[in-house]
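First comes the structure, then the notes that go with it.
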Protein chains: 2
Amino acid sequence: MFENLFAVGGLSLDRLKSFVEVAEQGAIARVADGDPSRQSLISRQIGELEAFFGAELTRRKGKGLELTEAGRELARQVRLQFHGLTDFKADCARQPVEFRMAAGNSILEWLLAPAMARIVLSAEGSTFVLSGQRTGDVVRGLLDHTLDFGIVRKSAIVPPLKFRPIGKLRYALFVPKSLSALADRDLSKVPLALSVGGNFLETFQIAAKQAKQELNIVSRCTSFTLAAQLLRSGVAAAVLPSIAAPFLPSVAKPRPLSILASISRDLGIAWHRRLMDIRPRSTDLLEALANGLSVDLQKA
Amino acid sequence: MFENLFAVGGLSLDRLKSFVEVAEQGAIARVADGDPSRQSLISRQIGELEAFFGAELTRRKGKGLELTEAGRELARQVRLQFHGLTDFKADCARQPVEFRMAAGNSILEWLLAPAMARIVLSAEGSTFVLSGQRTGDVVRGLLDHTLDFGIVRKSAIVPPLKFRPIGKLRYALFVPKSLSALADRDLSKVPLALSVGGNFLETFQIAAKQAKQELNIVSRCTSFTLAAQLLRSGVAAAVLPSIAAPFLPSVAKPRPLSILASISRDLGIAWHRRLMDIRPRSTDLLEALANGLSVDLQKA
DNA sequence: CGGATATATTACTTTATCGTCATGTTTGAA
DNA sequence: TTCAAACATGACGATAAAGTAATATATCCG
C-alpha cells in the first residue's frame with residue numbers, strides 16, 4: 001500500500017526528527033548545540049531526506065540556512081504526525097497529554113494564568129506549557145503547529161485558524177493612590193504610562209485626539225505588565241486592560257475613561273482547524289478553556 | 001520537542017508499516033505470504049510496538065488475531081501519516097498522486113467508469129484506483145482512510161464523513177426485445193430479475209405491495225450488473241438503475257414503471273472530513289468528480 | 001486425541017542508519 | 001585578504017533494527 005514510501009531507503013524517523021528540530025530552531029548549529037559530530041550528522045540527514053523526496057528542503061541563506069517552501073510543508077506535516085504519535089503514546093500509558101498555549105504577556109498574566117487553576121481541574125490528564133508571545137508569533141505558532149491554543153484578539157485571526165470568543169477586553173485608567181488627588185483635579189496633568197505593544201498605542205492616541213482629551217504621557221512601556229510595574233511604584237498612572245484590576249487592589253482603582261469606552265477588543269481562543277482531528281483531547285480542553293476564561297472576562 | 005517519542009527505542013517506520021499492513025490484511029500470515037521469516041519478523045515488530053506504546057495493539061482471536069481499539073486507532077493515525085508523506089513525495093517528484101475511489105459495482109460500471117475519461121482530464125497529475133464494493137465496505141474504507149472517495153447513497157453517510165450530492169439515482173424496468181410483446185400485454189407475466197444487493201429488494205417489494213402490482217420475479221441476483229447480464233441474454237426483464245440505459249441500447253429500452261417512481265436515491269460523493277487537510281489535491285479532485293458525475297446523472 | 005493453521009518466542013546474522021572525526025566550502029565581517 | 005561562523009562532504013566504526021531460522025504455543029477441527 002505504501003510502496004513508494006519504502007521502496008527505497010532514506011526515510012527514517014530520526015532524520016525527520018532532526019529536520020523538524022532544524023525547522024524549529026532555524027539553524028543546524030542551534031540544534032547541534034556546538035557538537036560538531038551532531039552538526040555533520042544533521043546536515044547529512046537533511047541531505048538524505050532531500051535525496052529521498054527529490055526536492056530541496058533547505059537553502060543556504062547567509063552563513064546559515066532557511067527552509068524552502070517544500071521544507072516548511074514537510075516540517076508542518078511531520079510535526080503534526082509526531083504530535084499524533086506522542087498523544088497516542090501518552091494515552092496508552094495513561095500519561096498526561098501536553099498542550100502548548102500562548103498569549104500576550106498581559107493576557108497570560110492577568111487572564112490565563114489565574115484561570116489555569118480551574119482549567120487544570122476540568123482537563124484531567126492534560127498538562128500545559130504556557131508562553132507569553134507577541135500576537136504575531138502566537139498566530140505563527142498556531143499555523144505551524146508549534147502551539148495548540150492561543151488567546152488573541154479576533155482581528156488577528158487568519159485562515160485556517162478558528163476562533164471562539166470569550167468576551168470583550170476593555171481598558172481602564174489605573175491611578176495610584178499617590179496621584180489620586182491630582183487626577184480628581186485635572187486628569188490631563190497626571191503622568192501616564194502606556195504600552196506600545198501591539199497596536200494599542202495608535203488606537204488609543206487616535207481616540208484621544210478625537211475626544212480632544214489632553215494627556216500627559218510620560219512613559220511608553222513595551223508591555224502592559226511593565227506599565228503596571230510603574231503604576232505599582234506610584235510614579236505614573238497607566239492605561240491597562242481592566243482584567244488587571246484584581247492584581248492591583250491596594251495600588252489603584254480602575255477608573256472608566258471616556259475615550260477608552262470606544263476601545264475594546266473581541267478576545268478569544270484561537271486554534272488550528274485541524275487540531276481537534278489530530279489531538280482528540282483538545283475538544284474537551286477547548287470547552288474547559290472557554291468556560292474558565294469567559295468567567296474571568298465577564299467579571300472584569 | 002518530541003522527547004517522549006524518541007527517548008526510548010522501539011518506534012520505527014518499518015514497524016509501523018508492518019503494523020498497518022497487518023491492520024489492512026487482518027492477519028500476519030496474509031502479509032507474510034507464506035514466508036515464515038517474515039511471519040516471525042512481523043509478529044515481533046508488533047510486539048515491539050506494543051512495548052513502546054505500553055498497550056496491546058492486537059489480541060488473539062481464534063487461530064488468528066484482531067486489532068484492539070488502540071490498535072485500530074494507531075492504524076488509522078499511521079495510515080494517514082503515510083498518506084501525507086506519500087503525497088508529499090509524489091508532489092516533490094512531480095509524480096502523480098494516487099487516489100482510491102470505490103462505489104457499488106453498478107455505480108462503478110455505469111456511472112463512475114464512464115465518467116473517468118472526463119475526470120482524468122480535469123485532474124492532471126493524479127491517478128486512480130477504482131474498486132467495486134458494497135456500500136458498507138465503502139463507508140468503512142472511508143472511515144479508516146483506506147479509501148479517499150466513495151460514491152454512495154446519502155442515507156449511508158455517518159459522521160465524520162462528508163457528502164456532496166450529485167443527483168438522484170432512479171430505477172427503470174428494462175425489457176428485452178424477446179419479451180417486449182409480452183410486457184405490452186401483461187406486465188405481471190414478464191419474468192423479472194432483481195438485485196438483492198444493498199437494501200433495494202426490500203424497498204422495491206414494499207412499493208410493489210402498496211401499489212398492488214403483481215410481479216413474476218424469477219431470479220434474484222447478487223448485483224444489478226448480474227441482473228443486467230440476464231437481461232442481455234434475453235431470459236428476463238430487469239429493474240436496473242436508469243443510468244444503465246446507455247449500456248443496453250440494442251438489448252432493451254427502459255420503461256418507467258409506476259411503482260419505481262417513488263423509489264429514488266440521493267446519490268453523491270462521500271469522503272472523510274480530514275481528507276482535504278491531509279491530501280491537499282483532493283479539493284480539486286472533488287470538484288472534478290462532482291462535475292464529471294453530475295453531468296452523467298442528469299442525462300440519465 | 002492428533003493434525004493443521006496461525007501466531008509467539010528465541011537466537012543469530014546482516015544491514016541501514018547513527019555517531020564520530022577530519023576536512024572542505026560558503027559567507028559575512030573585520 | 002583574512003578570520004570566524006555555519007553548513008557540507010567523505011570515511012569508518014558502532015549499533016539498533018531488519019532479516020533469517022528453528023522451535024514453541026495456542027486454537028480449531030475432525
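Computed from a predicted structure; not experimentally measured. Chain letters run A, B, ... following the sequence lines, proteins first and then strands; every chain starts at 1.
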Residues B/E21 and B/R38 bridged, charged N to O under 4.0 Å: yes
So what is the end-to-end bend of the helix from C/dC1-D/dG30 to C/dA30-D/dT1, with 5 pairs used at each end and the value given to 10 degrees? 30°
Applying side chain to side chain contact (heavy atoms under 4.5 Å, CB included), can you list everything that pairs with A/E73, at least two apart in sequence or on another chain? A/R76, A/Q77, B/F88
Taking atom C1' of C/dC18 as reference, at what distance in whole Å does atom CZ of A/R38 sit? 11 Å
Terminal contacting nucleotides, 5' and 3', DNA chain D versus chain A (heavy atom, 4.0 Å): D/dA5 to D/dA11
Counting C-beta onward and ignoring hydrogens, is there a side-chain heavy-atom pair between A/L74 and B/L85 closer than 4.5 Å? yes
Tell me the interatomic distance from B/D35, atom CG, to C/dA6, atom P, rounded to whole angstroms. 15 Å
Residue pairs passing the ring-ring contact (aromatic ring centres under 6.0 Å, His included) test with at least one member in residues 5-39 of chain A, sequence neighbours excluded, are A/F6-B/F82
Nearest-Å distance, CG (B/L67) to C1' (C/dT7)? 14 Å
What pairs with A/L80 under side chain to side chain contact (heavy atoms under 4.5 Å, CB included), at least two apart in sequence or on another chain? A/H145, A/R274, A/I278
For A/A227, which residues count as a side chain to side chain contact (heavy atoms under 4.5 Å, CB included) partner, sequence neighbours excluded? A/A193, A/C221, A/A238, A/L240
Roughly, in whole Å, what's the span from NZ in B/K63 to C1' in C/dA6? 8 Å
Using the salt bridge (Lys or Arg N to Asp or Glu O under 4.0 Å) rule, collect all pairs that involve residues 91-109 of chain B, keeping only residues at least two apart or in two chains. B/D91-B/R281, B/R100-B/D148
Does anything in residues 26-50 of chain A pair up under ring-ring contact (aromatic ring centres under 6.0 Å, His included), and if so which pairs, sequence neighbours excluded? none
Can you pull every protein N or O that's under 3.5 Å from an N or O on nucleotides 8-10 of chain C?
residue: C/dA8; atom: OP2; partner: B/S43; partner atom: OG; Å: 2.8
residue: C/dA8; atom: N7; partner: B/Q39; partner atom: NE2; Å: 3.0
residue: C/dA8; atom: N6; partner: B/Q39; partner atom: OE1; Å: 3.2

Contact check, residues 2-21 of chain B vs DNA chain C, heavy-atom distance under 4.0 Å, returns none
Do B/R72 and B/T68 make a side-chain contact, defined as non-hydrogen atoms from C-beta onward lying under 4.5 Å apart? no
With A/A90, which residues qualify under side chain to side chain contact (heavy atoms under 4.5 Å, CB included), at least two apart? A/Q95, A/V97
Does anything in residues 128-139 of chain B pair up under salt bridge (Lys or Arg N to Asp or Glu O under 4.0 Å), and if so which pairs, sequence neighbours excluded? B/R134-B/D137, B/D137-B/R140
Are the side chain of A/K89 and the backbone N or O of B/N4 linked by a donor-acceptor pair below 3.5 Å? yes
Would a 4.5 Å heavy-atom cut-off, applied to side chains only, mark B/W271 and B/L161 as touching? no
Please report, rounded to the nearest Å, how far the P atom of C/dT5 is from the CZ atom of B/R30. 16 Å
